[in-house]
Protein chains: 2
Amino acid sequence: MPKLWTDTIEAHRHVVRETILDTTWGLVTERGLLAVTMSQIAERSGIGRATLYKYFPDVESILFARHERHVSEHLRHLAELGNQPGEAESRLRAVLAAYALICHHRGQHGTEELGALLHRHEIVDRAEQQIGGLFQGLLVEVAEAGRLRRDVSPEELASFCVHALTAAGGLPSEDAVHRLVEVTLSGLRPQS
Amino acid sequence: MPKLWTDTIEAHRHVVRETILDTTWGLVTERGLLAVTMSQIAERSGIGRATLYKYFPDVESILFARHERHVSEHLRHLAELGNQPGEAESRLRAVLAAYALICHHRGQHGTEELGALLHRHEIVDRAEQQIGGLFQGLLVEVAEAGRLRRDVSPEELASFCVHALTAAGGLPSEDAVHRLVEVTLSGLRPQS
DNA sequence: ATCGAAATAGACAGATTGTCTCGATAAGGT
DNA sequence: ACCTTATCGAGACAATCTGTCTATTTCGAT
């Protein structure tokens, strides 16, 4: 009292915050969202209850912080792939495949649906729009190369990709994931 | 006390149950899942708190009952469309379009993601499998007519459809929904 | 060495939970 | 019409959780 976990206050606060995020998610997956309390989170995180309230006001805020962390990690990774040298279509394929693998490893359902249930639609909308926006940028490049269907806007096609690839969460293998990416890509191409 | 809402006990219990389902969902959309309590539900439903516990043990159970009701309604409607006379491909199109419109009217996010957060994955998996199973049956028929791609199984393609069409929830118009259906269908066709 | 920051056990009042009782009322059956 | 069965719910109870606050201790930062 107080017992810092690292050498500096800044690092300590960072580690505590991350611990809270991970612990909360662990509890949610064990018990379900409605059965998780701030008291349990504090106890399992190894901090005092009053201390927990200094970091987050409620369970909902914790889950959103965790969601934000995830989305920014994914975006960073996908953006790197999208910025690699090469033709637009192959970069698009790489990004879609990476996103599909993220969905695959995340499992059937992930944090992206949080907003629906936690009264913060705008948070999830923003995540989908960020990922969709990244896809859209690539789709515009593919369109300029004449390799994209013209009857549907790149924006709508981006949304299609974001949703279609979530099917990867329920697939049994990475081969199946790559087949899903192929199916999705074929929906994007100019139709004869 | 007791004040029945209808002439028979059976009908009364049915109406009370439906009222609880709808009221709970209303509260969830207003306040978010974590802020809804049994006390609030009872009060807004116009029944006593002890009475509410006679119908449902907790908020989670109420939400699942509502989810089940929705899924069975959708399945009934989609199955009717799939059983209409006509070629397999046009029936598939009708079913996919109907499902997309359901997603569109449901909004960006619906009840199907409940399981992720409420510790009951198997419930949601079952819903997706039921809808996916219906799609799959039609896809098998389309395959027999030689109108389906052969490099991906009808099962995986069904899952692709279920997920891709959820993009309809974020689209601005029914025209956009129909374009989404077209994009999805083009992913299913044999590729040249 | 000094000061500001951080942690936390414990307390407090309020809210909710899950359960239960018992009296009142109404449906159901004969 | 009468009796039985079913239902409701106000109120009570004990337990749990919440959000806030205080006083004390410890530790990083300078």
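To find a chain, count down the sequence lines: A is the first, B the second, and so on, and within it residues start at 1. Side chains are part of it too, since the values below use all heavy atoms of this structure and drop only hydrogens, waters and symmetry mates.
- Nearest to the side chain of Y53(A), among dA7(C), dC8(D), dG19(D), sits dG19(D).
- Atoms CD1 (I47(A)) and P (dA5(C)) sit 20 Å apart, rounded to a whole Å.
- The shortest distance between side-chain heavy atoms of R93(A) and L96(A) does not fall below 4.5 Å.
- The nearest whole Å value for the distance from the CD1 atom in I20(B) to the C1' atom in dT7(D) is 13 Å.
- Where R49(A) and L4(A) meet DNA chain D, the nucleotide closest to each residue was compared, and R49(A) sits on the side nearer the 5' end.
- For T37(A), no side-chain nitrogen or oxygen approaches OP1 or OP2 of dT16(D) to under 4.0 Å.
- Rounded to an integer number of Å, the gap from I9(A) CD1 to dG4(C) P is 13 Å.
- The nearest whole Å value for the distance from the NZ atom in K54(B) to the C1' atom in dT21(C) is 11 Å.
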Give the table of side-chain donor-acceptor pairs shorter than 3.5 Å for residues 75-86 of chain A, with sequence neighbours excluded, one pair per line with atom names and distance.
| residue | atom | partner | partner atom | Å |
| --- | --- | --- | --- | --- |
| N83(A) | ND2 | A79(A) | O | 3.1 |

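- Atom C1' of nucleotide dC17(D) and atom CG of L27(A) are separated by 15 Å, given to the nearest angstrom.
- Using five terminal pairs a side, the axes of the helix from dA1(C)-dT30(D) to dT30(C)-dA1(D) at its two ends make an angle of 40°, given in steps of 10 degrees.
- Clustering ILVMFWY residues whenever any of their side-chain heavy atoms sit less than 4.5 angstrom apart, transitively, puts L171(B) in the very cluster that holds L101(B).
- Around the CD atom of E155(B), the shell of radius 6.0 Å holds no more than 12 heavy atoms that belong to other residues, nucleotides or ligands.
- Counting heavy-atom neighbours within 6.0 Å of E43(B) CD, excluding the residue itself, gives a total of 12 or less.
- Distance, L34(A) CG to dT16(C) P: 15 Å, rounded to whole Å.
- When each of V36(B) and A50(B) is assigned the nucleotide of DNA chain C bearing its nearest heavy atom, the one mapping closer to the 5' terminus is V36(B).
- Between T51(B) and dG9(D) there is a side-chain N or O to OP1 or OP2 distance below 4.0 Å.
- Close to dA7(C), at under 4.0 Å from its OP1 or OP2, lies a side-chain N or O of Y55(A).
- One atom, CD1 of I62(A), and another, C1' of dT18(D), lie 13 Å apart when rounded to the nearest Å.
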For the pair E89(A) and R189(A), evaluate salt bridge (charged side-chain N to carboxylate O under 4.0 Å, His left out) and give the outcome as yes or no after the intermediate values.
CA-CA 10 Å; E89(A) 194 169 6; R189(A) 295 197 183 107; 3.5 Å; yes

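- Comparing dT16(C), dT7(D), dT18(D) by their closest approach to the side chain of S39(A) singles out dT18(D).
- Where M38(B) and T6(B) meet DNA chain C, the nucleotide closest to each residue was compared, and M38(B) sits on the side nearer the 5' end.
- Taking only side-chain nitrogens and oxygens, H12(B) never comes nearer than 4.0 Å to OP1 or OP2 of dA6(D).
- Put simply, CD on E60(A) is 11 Å from P on dG19(D), counting in whole angstrom units.
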Verdict with supporting geometry, T24(A) and R66(A), side chain to side chain contact (heavy atoms under 4.5 Å, CB included):
CA-CA 9 Å; T24(A) 303; R66(A) 185 175 178 280; over 6 Å; no

